[in-house]
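Quick notes on the structure that follows.
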Amino acid sequence: MDIYNIKHILVLAEELNYSRAAEKLYITQSTLSQEIKRLESEFGFQLFERNTKKVSLTDNGKQFVNLAKPIDDTFEELQNWITQTRKSNSLKITFGASSITMPHIVNHIQNFASRNPNVVFEYVEQWDPALLTMVADGTVDIALIVIPEEKSTKQGVKYFPINEQYACAVVSNNHKFYGRKSISLENLLEDDLVTTSINSGLSNYLKEKLTAMGMKPHFLINTANMQARLSMVRNGAVTFVFDKQFFIYNSNEFSVIPLEPEIKFVYTIVASAKKKFSSLEKEFLKILKEGLDNDYYL
């Protein structure tokens, strides 16, 4: 006897009609009749009384139903749990980052994906302000962004801060400000400024600051390619980075100078405030945050 035999007996006991029971079980009436006879022979007692007019349960049949019903219910509950668990282990995560931050997290995503091969990642590359909006409206599940400290309170968004970062100017060793301990935005009004993109959080913020101060600096070009930006810096331009992201380019060629007054940003993972995280998504957040916490250059 197996669980499907129990199910067939219980359905027949409920319907007390071979034709209806067989239809409910998607088997033929003769198949069901033969199965019941075989089981009764195996048990050594009858479960059902049969005559030309009706089918009824014997006393042993009633006792069998009373004992078997909880087993069937438990098996059904187990099947439902297996289905839900399978669904939770097959997950799609839509993850967003900018072209600047993505290189810092590839290893952490790969670490998580190797442990969870059933998870499918969809990567959305946008600048931080756009990603924040996409997270708030549910288009992106989780994103890694860098945003101004005073703007890190957008409604509808959960924040998982990693660290603070400060905006810095980068000049070459032949620039007049090379070696200074700090520099103001006013100092840079006569320089050619190079930013990553008109849509990046840092570029937008600096432009807002300068506009609010009534200044009109000369922005030479926007490019996310750091090597291209540094090439222009060698020729006298000024670009901007966050203090903890510049280590791979740091050399005697350049000076990374903090802006004064300080312009503080928050390096953070964000997700929709409405989102209920599955166990796998919680694991992904944990791996991502712990990995970024341990990266000495962030």
Side-chain angles (χ1 to χ4, degrees), residues 94-106 123-170 183-185 188 193-213 215 217-226 228-230 232-233 237-249 256-273 288-289 292-293 295 297-298:
T94 304
F95 180 77
S98 73
S99 60
I100 303 298
T101 54
M102 187 59 179
H104 299 297
I105 55 177
V106 170
Y123 173 55
V124 176
E125 185 173 293
Q126 288 285 350
W127 292 105
D128 300 330
L131 285 172
L132 194 57
T133 299
M134 294 173 81
V135 164
D137 66 22
T139 307
V140 170
D141 296 320
I142 298 167
L144 178 66
I145 64 173
V146 187
I147 52 175
E149 184 180 42
E150 65 265 31
K151 294 187 178 182
S152 59
T153 55
K154 186 178 180 70
Q155 290 189 339
V157 175
K158 292 178 184 176
Y159 294 86
F160 303 89
I162 298 164
N163 59 37
E164 296 174 345
Q165 303 205 18
Y166 297 88
C168 299
V170 182
I183 191 171
S184 70
L185 289 175
L188 302 175
L193 306 182
V194 181
T195 56
T196 54
S197 165
I198 57 173
N199 297 314
S200 82
L202 179 56
S203 301
N204 274 335
Y205 189 76
L206 292 175
K207 288 174 184 177
E208 287 175 9
K209 279 276 190 185
L210 290 164
T211 300
M213 295 162 67
M215 302 177 186
H218 178 228
F219 285 93
L220 180 65
I221 195 171
N222 302 302
T223 175
N225 187 299
M226 179 60 97
R229 285 158 60 200
L230 292 182
M232 285 180 267
V233 169
V238 178
T239 193
F240 301 94
V241 295
F242 294 112
D243 60 325
K244 295 177 183 177
Q245 289 183 328
F246 194 70
F247 84 104
I248 51 177
Y249 300 100
V256 182
I257 309 171
L259 294 176
E260 184 68 36
E262 287 181 343
I263 298 178
K264 187 188 297 185
F265 280 66
V266 178
Y267 194 71
T268 181
I269 299 167
V270 290
S272 170
L288 196 59
K289 191 173 186 309
L292 292 168
D293 277 335
D295 287 343
Y297 56 86
L298 289 177

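- In this structure Ser272 satisfies the side-chain hydrogen bond (donor to acceptor under 3.5 Å, both in side chains) test with no other residue, sequence neighbours excluded.
- Side-chain contact between Val233 and Val194 is absent, with no heavy-atom pair separated by less than 4.5 Å.
- Looking at every heavy atom in both residues, Val256 comes nearest to Pro258 through O-CD, 3.7 Å.
- Here the two rings, on Phe242 and Tyr267, have centers that are 6.0 Å apart or farther.
- Between Asn222 atom CG and Leu193 atom CG the span is 10.5 Å, to the nearest 0.5 Å.
- For the side-chain hydrogen bond (donor to acceptor under 3.5 Å, both in side chains) test, residues two or more places apart in sequence or in another chain that qualify with Glu208 are Lys151.
- Atom NZ of Lys158 sits in a crowded spot, with more than 12 heavy atoms from other residues, nucleotides or ligands closer than 6.0 Å.
- A search for side-chain contact (heavy atoms from CB on, under 4.5 Å) contacts involving Thr94 returns Lys92, Glu122, Val124, Val140, Asp141, not counting sequence neighbours.
- Checked against salt bridge (Lys or Arg N to Asp or Glu O under 4.0 Å), Lys207 has no partners two or more places apart in sequence or in another chain.
- Side chain of Arg229 to main chain of Phe240: a donor-acceptor pair is present (N/O by atom type, distance under 3.5 Å, no hydrogens or angles).
- Not counting sequence neighbours, the partners of Glu262 by the side-chain contact (heavy atoms from CB on, under 4.5 Å) test are Tyr166.
- Separating the OG atom in Ser184 from the CG atom in Leu259 is a distance of 8.5 Å, to the nearest 0.5 Å.
- With sequence neighbours excluded, the residues satisfying ring-ring contact (aromatic ring centres under 6.0 Å, His included) with Phe95 are Phe284.
- Remark: side-chain polar atoms of Thr268 are not paired, donor with acceptor, to backbone N or O of Val270 under 3.5 angstrom.
- Note that CG of Leu188 and CD1 of Ile183 are 4.0 Å apart. Values are rounded to the nearest 0.5 Å.
- Ile162 has its side chain out of reach of Phe160: every pair of non-hydrogen atoms, C-beta onward, lies at least 4.5 Å apart.
- Atoms OG1 and CG, on Thr211 and Leu206 in that order, are 10.5 Å from each other to the nearest 0.5 Å.
- Proximity of Thr223 to Met232: side-chain heavy atoms (C-beta onward) are separated by under 4.5 Å at one or more points.
- Scored by the side-chain contact (heavy atoms from CB on, under 4.5 Å) test, Met213 finds Glu186, Met215 as partners (sequence neighbours excluded).
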Between side-chain atoms of residues 126-135 and protein atoms elsewhere (two or more places apart, or another chain), which donor-acceptor pairs fall under 3.5 Å?
residue: Trp127; atom: NE1; partner: Ser197; partner atom: OG; Å: 3.1
residue: Asp128; atom: OD2; partner: Val146; partner atom: N; Å: 3.3
residue: Thr133; atom: OG1; partner: Pro129; partner atom: O; Å: 3.4

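- The shortest side-chain heavy-atom distance between Thr239 and Thr195 does not fall under the 4.5 Å cut-off.
- Residue pairs meeting the salt bridge (charged side-chain N to carboxylate O under 4.0 Å, His left out) criterion with at least one member in residues 94-103: none, sequence neighbours excluded.
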- [ ] Quick one: do Leu210 and Phe219 satisfy side-chain contact (heavy atoms from CB on, under 4.5 Å)? Show the steps, please.
- [x] CA-CA 12 Å; Leu210 290 164; Phe219 285 93; 4.1 Å; yes
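- Applying the side-chain hydrogen bond (donor to acceptor under 3.5 Å, both in side chains) rule to Asp137 yields the partners Thr139; only residues at least two apart in sequence or on another chain are considered.
- Taking each heavy atom of Tyr205 and Pro148 in turn, the nearest pair found is CD1-CG, 3.5 Å.
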